[in-house]
Structures are given as C-alpha cells and as structure tokens.
Amino acid sequence: MMNERIKELADQCWINFYAGDYLVTTPDAFAEKFAELIIRECAKLCDDIDKSYTTMWKSKLGPCEDNFIEGSAQGARDCAREIREWGKK
C-alpha cells in the first residue's frame with residue numbers, strides 16, 4: 001500500500017502538454033518533478049525538526065542542555081542543506 005503523502009506528491013507530477021491532438025506526460029518529466037517534490041518534502045521535514053528543537057525543547061529543558069539542543073538543531077539544518085544540495089545534482 002502506497003503512503004498517502006507519496007500519492008499526493010505523485011498526483012502533482014502529471015505535467016501535461018499537447019503533442020498533436022493528444023495530451024501527454026512524459027516519463028522523464030514525471031520522474032523529474034516527483035524527485036523534486038520528494039527532495040523538497042525531505043528537506044522540509046529537517047526544517048521542521050530544527051524548529052521543534054529550537055522552540056519546543058528550549059522551553060522544556062534547562063540551560064545545561066543548550067549545547068545538546070543547538071547541536072541537534074544544527075544537525076537538522078545540515079541535513080536540510082545537504083538534501084537540497086543533493087537535489088541540485
């Protein structure tokens with residue numbers, strides 16, 4: 001069974017154009033758009049983790065854990081940056 005979010009992303013990939021009398025989507029156009037959306041979605045997850053560390057956890061943990069929180073948040077930022085860079089290749 002396919003994940004519902006994957007189905008939603010796939011539905012956004014149907015890039016149609018007219019070829020004579022027919023409306024078509026090429027497999028290459030579909031694959032390129034799908035990869036772009038998957039990369040964007042993964043990077044967004046890392047961004048969300050960064051935000052949760054810097055907002056929610058800071059309010060719940062004391063100052064002694066600041067290095068842990070900042071290190072974890074930086075890891076999420078690095079992850080998002082790497083995913084976006086990988087997607088450009």
Side-chain angles (χ1 to χ4, degrees):
M1 176 183 242
M2 191 185 300
N3 176 300
E4 191 60 36
R5 185 64 183 136
I6 297 290
K7 286 182 194 176
E8 290 172 10
L9 293 175
D11 287 344
Q12 294 176 40
C13 296
W14 295 108
I15 302 167
N16 298 314
F17 62 92
Y18 282 98
D21 294 333
Y22 301 98
L23 186 63
V24 297
T25 295
T26 66
D28 289 342
F30 179 91
E32 187 174 324
K33 183 66 176 179
F34 191 61
E36 175 189 322
L37 292 174
I38 292 290
I39 289 165
R40 192 179 303 160
E41 189 78 6
C42 291
K44 183 184 176 308
L45 289 172
C46 292
D47 290 337
D48 292 346
I49 291 168
D50 173 24
K51 289 175 190 159
S52 74
Y53 273 116
T54 55
T55 55
M56 182 181 73
W57 287 109
K58 249 187 183 174
S59 65
K60 293 184 180 200
L61 298 175
C64 294
E65 289 86 5
D66 280 350
N67 287 338
F68 168 75
I69 295 167
E70 184 50 39
S72 298
Q74 184 61 50
R77 287 190 291 273
D78 292 345
C79 179
R81 185 187 71 248
E82 289 296 320
I83 289 170
R84 287 184 179 104
E85 285 299 313
W86 178 78
K88 292 178 184 178
K89 296 177 183 175

Report, one line per pair, each donor and acceptor closer than 3.5 Å where one atom sits in a side chain of residues 37-47; sequence neighbours left out.
unit_1	atom_1	unit_2	atom_2	d
R40	NH2	E36	OE2	2.5
E41	OE1	R5	NH2	2.9
E41	OE2	R5	NE	3.0
K44	NZ	D48	OD2	3.0
D47	OD2	R84	NH2	2.5

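By the 6.0 Å contact criterion, CD on E8 is enclosed, its count of non-hydrogen atoms from other residues, nucleotides or ligands being greater than 12.
In this structure, the separation between CD1 on I6 and CG on D11 is 11.5 Å, given to the nearest 0.5 Å.
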